[in-house]
Amino acid sequence: MSNINHSSTSSSTHRLIKNKNGSVKRNELRGKVVVYSCAALIIIATIAITLFLTIKGLQSFIVNGVNVGEFLTGLTWSPSGEGDVSYGAFPFIFGSFSVTFLAALFAAPLGIGSAIFMTEIAKTWGQKVLQPVIEILVGIPSVVYGLIGLTVIVPLIREHSSGIGFSLLAGMIVVGVMILPTVTSISADALKSIPQDIKDASYGLGATRWQTIYKVILPAAMPSLATAVVLGMARAFGEALAVQMVIGNSKALPESITDQAATLTSIITLSMGHTTYGSLHNNLLWSLGLILLVMSYVFIIIIRFISSRRKV
Amino acid sequence: MQASDLGKEKKEANAVSPLMDIKNLSVFYGEKEAVKNVSMPIEGNKVTAFIGPSGCGKSTLLRTINRMNDQIDSAHYKGEIMYDGVNLLDKKIDVVSLRKEIGMVFQEPNPFPKPIITNLTHALKFYRTKKSEIQGIVETALKQAALWDEVKNRLNSSAQSLSGGQQQRLCIARALALKPQVLLLDEPTSALDPISSAKVEDLIIELKKHYTIAIVTHNMEQAARISDYTTFMYNGELIEYGETSRLFTNPKEQRTEEYLTGKFS
Ligand SMILES: Nc1ncnc2c1ncn2[C@@H]1O[C@H](COP(=O)(O)OP(=O)(O)O)[C@@H](O)[C@H]1O
Ligand SMILES: [Mg+2]
């Protein structure tokens with residue numbers, strides 16, 4: 001009774017020493033190989049896309065001799081003409097940035113507001129009704145947002161302005177509505193992760209709900225809320241289809257918010273099919289794509305920067 | 001002549017009626033009755049300890065006194081907590097003023113992730129305290145919480161840079177800054193090391209000169225050391241209430257004795 005099992009474990013030298021050629025070790029190795037190759041694949045894909053886009057995007061400058069300054073600041077875009085070609089992409093850069101910022105301006109307060117409502121004001125209702133609704137909204141394809149924009153927002157703007165309806169404003173509203181659920185759900189997660197502890201501390205000191213929200217919950221969640229908005233902006237910047245359907249795609253710089261405009265993405269999707277591979281026009285579109293890539297890196301750096309500050 | 005009569009009457013009234021009187025209090029979370037028909041006094045300027053096994057309803061009882069349980073949707077209650085002539089459980093009670101007057105310190109130190117000084121001024125700003133007074137209030141509260149000497153040169157550094165014990169004393173100072181009448185402490189030392197715990201205990205004994213203190217504790221020795229009255233709870237019921245010295249040496253109820261001697265926990 002007393003020496004149960006002792007015989008099998010008698011030599012502790014064998015028992016505790018690493019087993020060199022067991023099947024356990026082989027399984028371990030197999031798992032490692034699978035996981036490492038998955039990770040390697042993702043890294044290789046990222047590097048490959050970046051390299052490819054960089055090389056293709058720089059062709060117009062290197063091969064076709066396009067002036068970078070002119071490309072970034074020029075106002076006229078007619079890259080496929082026979083005689084005089086001009087390749088000013090500034091209107092599109094401007095269009096992309098204004099759609100992004102205006103959409104964020106629209107989505108940030110609404111999204112954070114609804115997130116507060118969901119997590120702090122009407123918890124049960126928010127969790128049972130609002131949360132699923134928002135998850136559905138996140139999953140709706142952008143073409144649906146574009147269609148709704150086309151049939152509702154564009155006519156509405158047409159009636160209330162001198163323009164034809166297709167406009168920067170329409171793009172901003174459609175993209176704003178589109179990123180709203182993203183901003184809301186990430187913000188709600190951020191607010192939910194604020195520990196009950198410090199909310200209790202605030203209520204325990206006699207703070208009202210609003211005082212607690214303004215003075216404790218929002219400041220504590222600020223870095224994550226900023227991340228939510230930046231992620232929304234990244235999505236807005238890259239959105240092509242819905243924008244293209246409502247923005248009008250004019251190649252000139254818009255003079256007002258109800259003017260037609262174009263974005264980097266909408267120009268690429270509209271023109272890519274009509275160009276021959278390797279032509280100046282085609283190369284210029286790749287350069288526009290390169291700008292998009294650079295911007296997505298910038299967004300990632302911003303998000304990294306914000307979340308590294310959160311740990312302090 | 002008349003004035004002294006009045007004074008006498010007031011003294012006698014104080015002698016018979018405690019600062020707070022809990023009457024037939026039951027607290028529910030949905031269907032579950034977490035506190036069952038508890039009646040007991042809380043005497044002014046004394047320390048009243050609540051002991052009992054985990055889950056017996058100590059925190060629930062404490063959190064009902066300053067209505068922190070209003071925060072929980074499923075929580076509701078029956079009975080009365082009489083304090084200064086009003087029932088604290090009355091719908092008409094302004095919980096903001098109530099919580100200012102009856103402060104609370106929680107089990108885990110929960111300073112705001114902000115500078116030390118902001119932790120103290122945070123709530124003062126809600127009550128529109130004058131700027132000129134704030135500095136003095138901060139200093140007094142930190143001194144009362146025996147933290148002033150340790151933090152006076154770093155009031156602007158983050159509260160999270162403090163040790164656990166210092167954070168807990170900061171939370172006590174934060175409550176004291178509102179000049180409360182009563183302090184509710186829910187296992188204030190259970191997350192602290194022995195040395196920090198001892199400091200907080202000393203502080204509680206010091207504070208009872210000016211405040212009425214109700215403390216939940218897991219630690220029977222602690223209750224014996226610092227409290228004047230002890231309540232033993234079990235399974236939501238109040239089993240025994242009495243002077244600490246008597247309850248610990250000569251418990252009337254068998255379950256109290258069993259708990260005190262470690263027959264169950
Ligand atoms: N928010 C809550 N919702 C539902 N039940 C709760 C809640 N808080 C506590 N309880 C239950 O109420 C009982 C008493 O809990 P509590 O007052 O925290 O006990 P103690 O502080 O003595 O350990 C426990 O059974 C616990 O599970
Ligand atoms: Mg408890």
Side-chain angles (χ1 to χ4, degrees), chain A residues 112 114-132 187-228 305-312, chain B residues 59 62-63 65-74 93-115 118-128 157-161 167-168 170-180 183-186 191:
Chain A
I112 294 173
S114 350
I116 292 174
F117 178 80
M118 270 166 63
T119 55
E120 296 300 321
I121 315 259
K123 269 184 220 157
T124 20
W125 198 80
Q127 232 107 93
K128 278 202 191 115
V129 182
L130 223 48
Q131 182 111 27
S187 301
D189 287 343
L191 293 176
K192 265 188 254 167
S193 72
I194 300 298
Q196 185 61 36
D197 268 14
I198 64 167
K199 296 182 199 169
D200 275 350
S202 180
Y203 288 123
L205 291 167
T208 62
R209 185 190 271 168
W210 283 113
Q211 287 167 337
T212 303
I213 290 171
Y214 281 136
K215 298 281 179 167
V216 177
I217 298 176
L218 283 184
M222 201 41 89
S224 315
L225 296 178
T227 306
F305 177 72
I306 296 170
S307 30
S308 72
R309 290 192 39 184
R310 177 173 35 193
K311 280 167 207 132
V312 178
Chain B
S59 299
L62 210 64
R63 290 166 59 94
I65 297 175
N66 72 343
R67 300 273 293 269
M68 280 301 281
N69 275 339
D70 288 19
Q71 230 62 54
I72 299 166
D73 289 334
S74 68
I93 292 289
D94 171 21
V95 295
V96 169
S97 317
L98 168 65
R99 291 173 191 162
K100 189 183 172 200
E101 194 156 327
I102 302 184
M104 184 156 206
V105 174
F106 301 83
Q107 182 166 355
E108 291 284 331
N110 57 355
F112 301 119
K114 290 180 180 183
T118 317
N119 266 276
L120 289 148
T121 56
H122 177 83
L124 292 175
K125 285 185 186 145
F126 300 153
Y127 302 109
R128 302 207 172 74
S157 47
S158 167
Q160 276 154 339
S161 67
Q167 289 187 9
Q168 195 60 303
L170 178 64
C171 293
I172 295 176
R174 185 172 65 185
L176 294 178
L178 298 179
K179 305 200 173 117
L183 272 183
L184 307 174
L185 311 174
D186 191 351

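Each chain gets a letter, A, B and so on, in the order the sequences are listed, and its residues count up from 1.
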K.L.:
Among Met68(B), Met104(B), Lys100(B), single out the residue with the greatest number of heavy-atom pairs under 4.5 Å to chain A.
P.N.:
Met68(B)
K.L.:
Can you name the nearest heavy-atom pair linking Tyr203(A) to Arg99(B), along with the distance?
P.N.:
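Taking Tyr203(A) first and Arg99(B) second, the nearest heavy atoms are O-CD, 3.0 Å.
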K.L.:
Between Lys123(A), Arg209(A), Gln211(A), which has the largest tally of heavy atom pairs under 4.5 Å with chain B?
P.N.:
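Option with the top pair count is Gln211(A).
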K.L.:
In terms of heavy-atom proximity below 4.5 Å to chain A, should Pro180(B) be classed as side chain, backbone, both, or neither?
P.N.:
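Neither part, no heavy atoms under 4.5 Å.
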K.L.:
What part of Arg174(B) gets closer than 4.5 Å to chain A, counting heavy atoms only: side chain, backbone, both or neither?
P.N.:
both
K.L.:
Ignoring hydrogens, what is the shortest heavy-atom contact between Leu205(A) and Ala123(B)? Give both atom names and the distance.
P.N.:
CB-CB, 3.9 Å
K.L.:
Examine whether an atom of Lys114(B) lies under 4.5 Å from a heavy atom of chain A, and if so say whether it belongs to the side chain, the backbone or both; otherwise answer neither.
P.N.:
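It is the side chain, since no backbone atom gets that close.
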K.L.:
Just checking heavy atoms, which of residues 195-202 of chain A are less than 4.5 Å from chain B?
P.N.:
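The residues closer than 4.5 Å to chain B, in numerical order, are Asp197(A), Ile198(A), Asp200(A), Ala201(A), Ser202(A).
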K.L.:
Above 12 or not: heavy atoms from other molecules or residues under 6.0 Å from OH of Tyr214(A)?
P.N.:
no
K.L.:
Less than 4.5 Å apart, side chain to side chain, heavy atoms only: is that true for Lys215(A) and Phe126(B)?
P.N.:
yes
K.L.:
Under a 4.5 Å heavy-atom cutoff, which of Val105(B), Leu184(B), Val96(B) has the most pairs with chain A?
P.N.:
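Most heavy-atom pairs under 4.5 Å with chain A: Val96(B).
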